[in-house]
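Here the structure comes first, spelled out in structure tokens, and everything after it is commentary.
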Amino acid sequence: MRWKFKTIGERYFPKGEIQFHAVATDSTVYFGARDFNMYALNIKDGTGYWVYHQPGSWTSVPSLSGES
């Protein structure tokens with residue numbers, strides 16, 4: 001194991017369980033958790049780039065597109 005990351009958690013899902021696999025690019029790993037957050041982390045050391053909060057559960061695999 002190279003690094004660990006603890007999700008923020010939420011009232012009804014305090015552990016912020018990750019339900020599906022993550023998607024990775026050259027430098028970033030993306031995943032959604034049941035704490036209503038989508039996370040983007042540095043793939044090398046696990047530090048956070050950003051967290052996006054959206055009411056409702058993120059329960060699917062994120063997809064990436066080359067388009068802006």
Side-chain angles (χ1 to χ4, degrees):
M1 181 182 326
R2 293 180 187 237
W3 51 264
K4 289 171 70 172
F5 179 81
K6 182 170 175 22
T7 59
I8 297 169
E10 194 270 336
R11 179 178 175 189
Y12 297 108
F13 301 103
K15 294 180 182 177
E17 298 91 339
I18 300 166
Q19 294 189 299
F20 293 96
H21 65 271
V23 174
T25 63
D26 292 334
S27 63
T28 308
V29 60
Y30 302 90
F31 63 91
R34 294 205 62 187
D35 61 1
F36 312 131
N37 291 309
M38 180 67 68
Y39 296 87
L41 308 178
N42 181 305
I43 202 166
K44 291 183 180 179
D45 62 12
T47 56
Y49 285 134
W50 52 258
V51 175
Y52 177 74
H53 180 77
Q54 174 69 35
S57 184
W58 294 95
T59 57
S60 65
V61 177
S63 65
L64 301 176
S65 170
E67 298 178 17
S68 298

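Follow the hydrophobic side-chain contacts under 4.5 Å out from F13 and you never reach I18; the two are in separate clusters. In the hydrophobic clustering of this structure, F20 does not group with V51; members are Ile, Leu, Val, Met, Phe, Trp, Tyr whose side-chain heavy atoms approach within less than 4.5 Å, directly or through other members.
In terms of heavy-atom proximity, L41 sits nearest to G48 at CD2-CA, 3.7 Å. A33 and G16 make their closest contact through CB-O, 3.4 Å (heavy atoms, listed as atom of the first residue, atom of the second, distance). The two residues E10 and F36 make their nearest non-hydrogen contact at CD-CE1, 3.3 Å. Contact between Y39 and I8 at its shortest, heavy atoms only, is OH-N, 2.9 Å.
M38 is not listed as a side-chain neighbour of Q54, based on a closest heavy-atom distance of 4.5 Å or more. Between H21 and F31, every side-chain heavy-atom pair lies at or beyond the 4.5 Å cut-off.
For the atom pair NZ of K15 and CZ of R34, the computed distance is 12.5 Å after rounding to the nearest 0.5 Å. We find the CG-CH2 distance between N37 and W50 to be 10.0 Å, quoted to the nearest 0.5 Å. To the nearest 0.5 angstrom, Y52 atom OH is 15.0 Å from Y30 atom OH.
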Donor-acceptor list for residues 22-29 side chains, cut-off 3.5 Å, not counting sequence neighbours:
{"residue": "T25", "atom": "OG1", "partner": "T28", "partner atom": "N", "Å": "3.3"}
{"residue": "T25", "atom": "OG1", "partner": "T28", "partner atom": "O", "Å": "3.4"}

